[in-house]
Amino acid sequence: MTKKNIFKNKNSENIIETNFSDALSERYLSYAMSTIVSRSLPDVRDGLKPVHRRLLFAMRELNLNPEKGFKKCARVVGDVIGKYHPHGDTAVYDAMVRLAQDFAIRYPLVEGQGNFGSIDGDNPAAMRYTEARLTPYALILMDGLEEGGADFLPTYDGEYNEPKVMPAGVLNLLANGASGIAVGMATNIPSHNLSEISDALIHMCKVRQKYPNRNYNKGRPEILDSTLSKYIKGPDFPTGGVIIESKENIIESYKQGRGVFRLRARWNIEKKGRGKFVIIITEIPFQISKSKIITRIAELIEAKKIPFLNDIFDESDDKIRIVLEPKIKTADVDIFMEQIFKLTDLETRFSLNMNVLCDDGIPRILNLREILQAFLNHRQKVLISRTAFRLKNIKRRIEILKGYLIVYLNLDRVIKIIREEEYPKRILEKKYKLTETQSESILNMRLRALRKLEEKNIKQEYKKLSDEEAALSSLLRYKKKQWSAIESQIKEIQKQFSSSELNKRKTSISDPPKQTYLPNELLVEKEPLTIILSDKGWVRSLKGHKENISDIKFKEGDNWNFVLHAMSIDNILFFASNGRSYVLSADKISQKRGFGEPVSLFFDLPSDAKIIEMKILEPSNNLIVASNIGRGFIVSEDILNAQTKTGKHILTLSKEEHAMVCYPIFDDDDHIAVVGNNKKLLIFKISELPILNKGRGVIMQRYNKGYLSDLRSFKKSDGLSWRTGSKNRTEFKLSSWIGRRGQAGKIAPKGFSNKNKFR
């Protein structure tokens with residue numbers, strides 16, 4: 001059979017022709033919606049994602065209540081992935097672990113026993129070792145599940161049922177926050193204080209009792225964002241810390257549903273006596289690993305980026321205690337802490353993005369008021385549903401009790417019918433006008449229920465249920481009573497947590513600190529260095545400013561070329577014969593023993609090029625750069641600053657040329673002296689030399705057969721100086737050599753250096 005025939009034997013009626021782009025976009029959209037709805041975004045009503053909801057429900061089904069014993073996490077995870085959540089066990093266990101971590105979630109839903117990870121970023125133990133059970137907070141979320149408080153849906157295989165959304169007695173979305181990344185959208189909601197949330201909800205319930213028939217979904221002027229801010233001050237993170245934002249910024253963020261909160265670590269000063277003290281960090285920002293903070297600060301101390309710190313210690317146990325040991329004795333520690341906040345994760349930014357699934361299944365960005373209203377609407381629906389469920393059961397019980405009362409009024413006759421008649425049920429229904437439910441209940445009565453005392457109890461129960469039925473019917477009829485009931489429920493839950501340590505606000509809020517200026521000399525530790533560059537291009541540094549380097553060893557046939565006294569914070573300028581400038585930080589030059597390191601290790605320096613100048617880079621100064629044929633110009637040192645291996649092109653050269661001189665110009669200099677290898681000297685005004693960023697420059701001195709030997713700038717009134725041997729000579733009568741730029745010049749004065757150099 002050919003390939004063609006094989007293809008024809010396929011079920012061609014199941015093949016649908018469509019454009020590839022259409023099919024791809026349709027399937028990607030389906031995947032995106034599945035990710036958004038079923039995985040990444042929390043529901044505004046219970047604040048849970050599907051995996052969390054299924055975890056809690058599975059634990060409830062396993063009867064893992066707070067007063068019961070623990071069960072292995074592997075058992076819980078097995079039930080979840082087997083019955084409700086057909087995904088990997090690792091993902092489910094990770095979600096379960098997070099619900100148990102008090103540093104990751106404000107009000108834990110799972111109580112763990114065993115290693116559930118740490119704030120240092122340590123991983124939890126395997127699920128076969130750890131155990132768990134529900135917390136009282138989690139039970140509040142599920143209170144009323146079996147009393148009509150939630151709709152149930154079939155699980156993925158149709159074998160079981162699971163709740164669509166929890167009844168949620170608390171606004172878990174704000175209490176515990178949420179974070180998640182979906183396709184094309186994300187959510188990031190901080191945790192809040194439960195007592196503050198309850199106060200805001202109680203306020204809204206009072207408004208709804210006052211105006212019960214208004215539509216609050218569109219927002220009403222009676223509930224203002226500024227009013228809600230009186231109750232909900234701001235986020236309350238599990239790890240504490242300090243939010244440094246103005247009240248106006250916080251209100252605006254909650255009003256828009258988007259914003260940024262700056263969160264800092266909490267610290268204090270602990271005095272040690274004799275003026276000494278240490279800085280103690282007791283709380284760190286949310287979702288930041290303590291070990292990473294300590295590692296980062298230690299690296300900064302080692303790199304001398306925060307020289308005011310001497311050392312860091314971790315003395316944490318169940319509470320955080322990071323000790324910073326300063327080098328200095330100063331009362332103004334705030335300035336130094338500002339620098340630490342700037343360089344480390346002791347200050348972070350939490351981005352607020354209240355993107356949630358609404359009750360219609362559509363993701364939206366809601367503001368604070370809309371989230372509170374959505375929760376109250378949910379609680380109203382739960383209240384109505386539970387009331388209707390309870391009312392239905394009461395009516396059924398009252399119906400049965402009415403039947404029992406008929407029996408007691410006609411006890412002998414009823415007993416006779418049951419004993420003698422072949423079909424007593426039909427006769428009882430016909431004679432006493434009983435319903436099928438009543439007659440069935442009478443026939444199922446035990447003989448002991450016929451006691452006189454039992455009749456009295458039935459009458460009491462009947463009256464009690466009748467009163468409750470009237471109250472529930474009234475509750476369903478009047479919205480004002482509904483909001484009063486919801487307010488009572490919220491107050492009861494608030495009272496339940498009022499004495500708990502969990503309910504105390506952990507994160508304080510303060511205004512942003514005033515901007516402080518810290519001088520650079522306090523930020524960087526300065527160390528005196530001696531930089532040595534050899535003739536063959538080897539560079540090294542020595543600690544301290546060495547005046548005598550005679551004991552320094554060089555490679556055979558090599559010797560020093562430049563010796564420079566610098567500080568570790570200085571940038572060193574290297575100007576090469578190829579007309580390019582290179583810059584290197586002094587603290588990067590090796591201080592190890594030996595001959596140092598070749599400059600080619602730091603720069604892409606051609607093999608035929610050599611360094612002709614090494615000096616401290618001073619961006620505010622100017623330099624004269626010149627080639628061997630006597631062309632040059634003035635350039636700002638700021639232009640030369642290029643801290644890359646390739647350096648920066650400054651002096652343009654032909655194949656026969658090379659850079660000869662790079663000389664600094666001082667503030668008072670007004671003339672330039674140029675000397676060629678023909679020993680002719682020319683002096684002209686410094687203003688005749690142009691200032692350029694790069695190029696060939698202009699002719700400074702003409703040569704018949706020769707080249708530039710050296711140049712320098714100087715102040716005419718101070719005379720022209722040069723070095724001969726170990727002595728300096730100065731010439732003040734310079735009129736014979738002063739001319740215009742581009743002239744040949746005249747023979748240098750008697751006693752000028754035999755090397756034709758000024759230095």
Side-chain angles (χ1 to χ4, degrees), residues 43-47 139-152 163-173 194 197-220 222-223 231 358-360 369-402 405 435 437 457-498:
D43 195 292
V44 69
R45 294 166 289 184
D46 61 6
L139 291 185
I140 294 174
L141 282 179
M142 296 183 283
D143 183 35
L145 264 183
E146 294 179 350
E147 299 172 3
D151 295 330
F152 281 77
K164 182 179 179 182
V165 66
M166 295 296 186
V170 293
L171 209 176
N172 185 59
L173 181 67
L194 186 58
I197 296 170
S198 300
D199 288 338
L201 291 171
I202 289 169
H203 167 74
M204 297 182 76
C205 286
K206 289 183 183 297
V207 173
R208 294 194 176 201
Q209 289 176 60
K210 189 175 181 180
Y211 308 102
N213 296 319
R214 288 184 177 178
N215 182 9
Y216 291 90
N217 292 330
K218 296 181 180 179
R220 301 297 302 179
E222 291 82 8
I223 305 174
Y231 302 103
C358 298
D359 54 2
D360 56 4
R369 176 169 45 81
E370 289 169 336
I371 287 176
L372 293 168
Q373 288 178 169
F375 174 75
L376 287 178
N377 292 341
H378 173 60
R379 288 303 300 167
Q380 185 185 25
K381 290 178 182 177
V382 170
L383 177 68
I384 292 172
S385 178
R386 291 183 66 180
T387 302
F389 181 84
R390 174 63 179 161
L391 195 57
K392 181 181 177 182
N393 289 339
I394 286 176
K395 287 182 177 179
R396 187 175 183 278
R397 180 61 180 169
I398 286 176
E399 181 184 357
I400 292 172
L401 292 176
K402 283 181 178 179
L405 291 175
T435 63
T437 302
N457 291 339
I458 289 173
K459 287 180 179 180
Q460 290 176 350
E461 183 184 359
Y462 177 80
K463 185 178 185 307
K464 182 180 177 182
L465 291 178
S466 297
D467 293 341
E468 187 178 353
E469 180 187 20
L472 294 178
S473 298
S474 177
L475 182 63
L476 289 177
R477 195 178 304 115
Y478 299 108
K479 289 184 179 179
K480 188 174 182 179
K481 290 187 176 181
Q482 293 172 12
W483 293 119
S484 177
I486 292 171
E487 180 186 346
S488 298
Q489 292 171 359
I490 294 170
K491 285 182 177 178
E492 184 63 31
I493 293 169
Q494 186 182 30
K495 183 180 178 182
Q496 183 177 338
F497 283 89
S498 61

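All values derive from a computational prediction rather than experimental measurement.
- Side-chain contact between L201 and R379 is absent, with no heavy-atom pair separated by less than 4.5 Å.
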Yes or no on side-chain contact (heavy atoms from CB on, under 4.5 Å) for I197 and Q494, after CA distance, side-chain angles and deciding distance?
-> CA-CA 9 Å; I197 296 170; Q494 186 182 30; over 6 Å; no
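- Residues Q380 and W483 form a side-chain contact, since some pair of their non-hydrogen atoms from C-beta on lies under 4.5 Å apart.
- One distance of note links CG of L171 with CG of L194; it measures 9.0 Å at 0.5 Å rounding.
- Contact record, N172 with G47: ND2-O, 3.6 Å, taken as the closest heavy-atom pair.
- Scanning all heavy atoms of the two residues, the minimum distance from L145 to P163 falls at CD2-CB, 3.9 Å.
- Scanning both residues, M166 and D46, for their nearest heavy atoms gives N-OD2, 3.0 Å.
- Separating the NZ atom in K210 from the NZ atom in K480 is a distance of 10.5 Å, to the nearest 0.5 Å.
- Put simply, the side chain of I140 reaches to within 4.5 Å of the side chain of F497, judged on heavy atoms.
- Remark: S474 OG to Q482 CD distance equals 9.5 Å, nearest 0.5 Å.
- N377 places a side-chain N or O within donor-acceptor distance of the main-chain N or O of Q373, the cut-off being under 3.5 Å.
- Smallest separation of non-hydrogen atoms from V382 and P167: CG2-O, 3.9 Å.
- K381 NZ to H378 NE2: the interatomic distance, rounded to the nearest 0.5 Å, is 9.0 Å.
- Here the side chain of S466 pairs a donor or acceptor atom with the backbone of Y462 at under 3.5 angstrom.
- To the nearest 0.5 Å, atom CD1 of residue I486 and atom NZ of residue K479 are 11.5 Å apart.
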Step by step, work out the side-chain contact (heavy atoms from CB on, under 4.5 Å) result for L475 and L383.
-> CA-CA 9 Å; L475 182 63; L383 177 68; 4.3 Å; yes
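- Annotation: salt bridge (Lys or Arg N to Asp or Glu O under 4.0 Å) contacts of E461 (sequence neighbours excluded): R397.
- More than 12 heavy atoms of other residues, nucleotides or ligands sit less than 6.0 Å from atom CD of Q460.
- The minimum heavy-atom distance between S385 and G149, with the atom names listed, is OG-N, 4.4 Å.
- Applying the side-chain contact (heavy atoms from CB on, under 4.5 Å) test between I394 and each of E399, E469, K464 identifies E469 as the sole match.
- For K392, the side chain to side chain contact (heavy atoms under 4.5 Å, CB included) criterion is met by no residue, not counting sequence neighbours.
- The CD1 atom of I493 lies 11.0 Å from the OG atom of S488; values are rounded to the nearest 0.5 Å.
- Atom CZ of F152 sits in a crowded spot, with more than 12 heavy atoms from other residues, nucleotides or ligands closer than 6.0 Å.
- In this structure, the side chain to side chain contact (heavy atoms under 4.5 Å, CB included) partners of E147, at least two apart in sequence or on a different chain, are R386, F389.
- Crowding of N393 atom CG: a count of heavy atoms from other residues, nucleotides or ligands under 6.0 Å exceeding 12.
- A donor-acceptor pair under 3.5 Å is absent between the side-chain atoms of R45 and the main chain of L173, judged by distance alone.
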